[in-house]
2 protein chains.
Amino acid sequence: MLSKSCIYGIQAAIYVAANASQEFVPISQIASELKISFHFLTKVLQQLTQARLMNSYRGPKGGVALAKPSTEVTLYDLIGAIDGTAIFTECMLGLPGCGIAEPCPAHEHWTKVRSELTVIARRLTLDSMAKKAGELNVRLTEEFRYAQTMFPAIRPLNGNH
Amino acid sequence: MLSKSCIYGIQAAIYVAANASQEFVPISQIASELKISFHFLTKVLQQLTQARLMNSYRGPKGGVALAKPSTEVTLYDLIGAIDGTAIFTECMLGLPGCGIAEPCPAHEHWTKVRSELTVIARRLTLDSMAKKAGELNVRLTEEFRYAQTMFPAIRPLNGNH
DNA sequence: CCTATTTTAGACAAAAGAGTCTGAAATCTG
DNA sequence: CAGATTTCAGACTCTTTTGTCTAAAATAGG
Ligand code: SF4
Ligand code: SF4
């Protein structure tokens, strides 16, 4: 579905949003906490800064920061900046010029899924994801849980959802 | 979303379903009509026969045929046989062991899309897709339209959908 | 001004996906 | 049986994605 680059970008953006207290968050910090290759993440985040979703600053005390309030950055923006918006417009069978009087056999069903995906991606903001990430037992990566690291945790419970 | 292999496999399966009159359809015929590399399609269809979704027969008059009635083969089966079922079970952020008391920040929204996708894939049969493919101006690939080739067409209209 | 830190830019390597090709095995036709 | 056709199996190449590494530019702080 989403490329590795895109997944890393989303995770990092959530991390940055949750660390709003820090002016600029160094990429090295994000990479090590989220267990992502530093150099690879660097390239991904460059895409986000080039897309004006993030600002970057060099030198000591440098790093990356959101260019807009986290309430104004959506999942759609992030995916669009890294993987492109094809996933929201493209066809199941990947045919060019689709949906315009030349439907493939799965069209009507596929567009239903696709539009729901689009609505959700447009609605989900970094802010709301970061808040979720702050809840107990909600994780950002395989190992990294905000509840236990960022907000040195209270109760190491197993909440089910 | 879907790999090229998977897309080719689905297109070919629809083609075979629509050609139910032919006992075995040679892969060369499918490949040339659908403009897919013959050798590549051969490997994809081998996956479908190994998954028992198709039967194959060698020699002159050989080819591939559906192993079951086209009403009993779903999009889910095809995708599962080629790309695997990960797309129906996996997470947006691709984390292992997900959805079990360890949700990522997008979980509740993502599962909604995912389950709708699953329902649709399970419901969509080769039969219904092949029937759609038989309708005018519904195409299977960029160039191949059933209405104009298989059922040498009546009215070359632009229907919109 | 000097050094340490950090992003930027781009080369490079490894792995996975997509596509090509060859030879062998099975099967039909004559 | 001989020859043509077709799937099967696997090697091989090309491209894209993923990941690693190095050097340069910017900046803070002493
Ligand atoms: S007809 Fe619809 S579902 Fe099919 S390939 Fe085009 S846009 Fe996608
Ligand atoms: S928590 Fe849900 S959406 Fe997030 S990675 Fe896991 S299954 Fe996917």
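Below, each value reflects all heavy atoms present in this structure, side chains not excepted, and no hydrogens, waters or symmetry copies. Since the model is a prediction, treat every value here as computed from it, not as a measurement.
- B/K35 places its NZ atom 16 Å from the P atom of C/dG19, with the value rounded to the nearest Å.
- In this entry the distance linking CG of B/L45 with C1' of D/dC8 reads 12 Å, nearest Å.
- In this structure, A/Q22 atom CD and C/dT6 atom P are separated by 11 Å, rounded to whole Å.
- The separation between B/I36 atom CD1 and C/dT20 atom C1' is 15 Å, rounded to whole Å.
- DNA chain D lies under 4.0 Å from at least one heavy atom of each of the following residues of residues 57-68 of chain A: A/Y57, A/R58, A/G59, A/P60, A/K61.
- Rounded to a whole Å, the CD atom of B/Q46 is 10 Å from the C1' atom of D/dG10.
- You'll find the side chain of A/I120 stays beyond 4.5 Å of the side chain of B/W110, heavy atoms only.
- Here the closest heavy-atom approach between residue B/L45 and residue B/A12 is recorded as CD2-CB, 4.0 Å.
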If you restrict it to nitrogen or oxygen atoms, what contacts under 3.5 Å exist between nucleotides 13-18 of chain C and the protein, and what is each distance?
{"from": "C/dA18", "atom 1": "OP1", "to": "B/K4", "atom 2": "N", "distance (Å)": "3.0"}

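- Following rounding to the nearest Å, A/I7 (CD1) and D/dG19 (C1') show an atom-to-atom distance of 15 Å.
- The CG atom of B/N55 sits 10 Å away from the P atom of D/dC8 (whole-angstrom rounding).
- Considering only side-chain N and O atoms, B/S37 lies under 4.0 angstrom from the phosphate OP1 or OP2 of C/dT20.
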side-chain contact (heavy atoms from CB on, under 4.5 Å) for A/T125 and A/E72? Distances and angles first, verdict last. CA-CA 7 Å; A/T125 66; A/E72 291 172 26; over 6 Å; no
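- Residue order along DNA chain D, read from the 5' end via each residue's closest nucleotide, puts B/I27 first among A/C6 and B/I27.
- Evaluated for a side-chain contact (heavy atoms from CB on, under 4.5 Å) with A/M54, the options A/V25, A/T49, A/V73 yield exactly one hit, A/T49.
- Considering only side-chain atoms of B/H39, the nucleotide from C/dT6, C/dT22, C/dG19 that sits closest is C/dT22.
- Residue contacts for B/Q29: at a heavy-atom cut-off of 4.0 Å it reaches no nucleic acid atom on any strand shown.
- At least one side-chain nitrogen or oxygen of A/S56 sits closer than 4.0 Å to the OP1 or OP2 atom of C/dT8.
- Considering only heavy atoms from C-beta on, A/V44 stays 4.5 Å or farther from A/I36 through its side chain.
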Applying side-chain contact (heavy atoms from CB on, under 4.5 Å), run through A/I87 and A/T118 and close with a yes or a no. CA-CA 9 Å; A/I87 190 181; A/T118 307; over 6 Å; no
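- Under a 4.5 Å side-chain heavy-atom cut-off, the cluster of Ile, Leu, Val, Met, Phe, Trp and Tyr residues that includes B/F24 is completed by B/Y57.
- When rounded to the nearest whole Å, the span between CG of B/L41 and P of C/dT20 equals 12 Å.
- Nearest approach of B/G9 to B/I82, heavy atoms of both residues: CA-CD1, 3.9 Å.
- A salt bridge is absent between B/E23 and B/K61: the closest approach of a Lys/Arg side-chain nitrogen to an acidic carboxylate oxygen does not fall below 4.0 angstrom.
- Residue B/Q47 has no polar side-chain atom (N or O) positioned under 4.0 Å from OP1 or OP2 of D/dT7.
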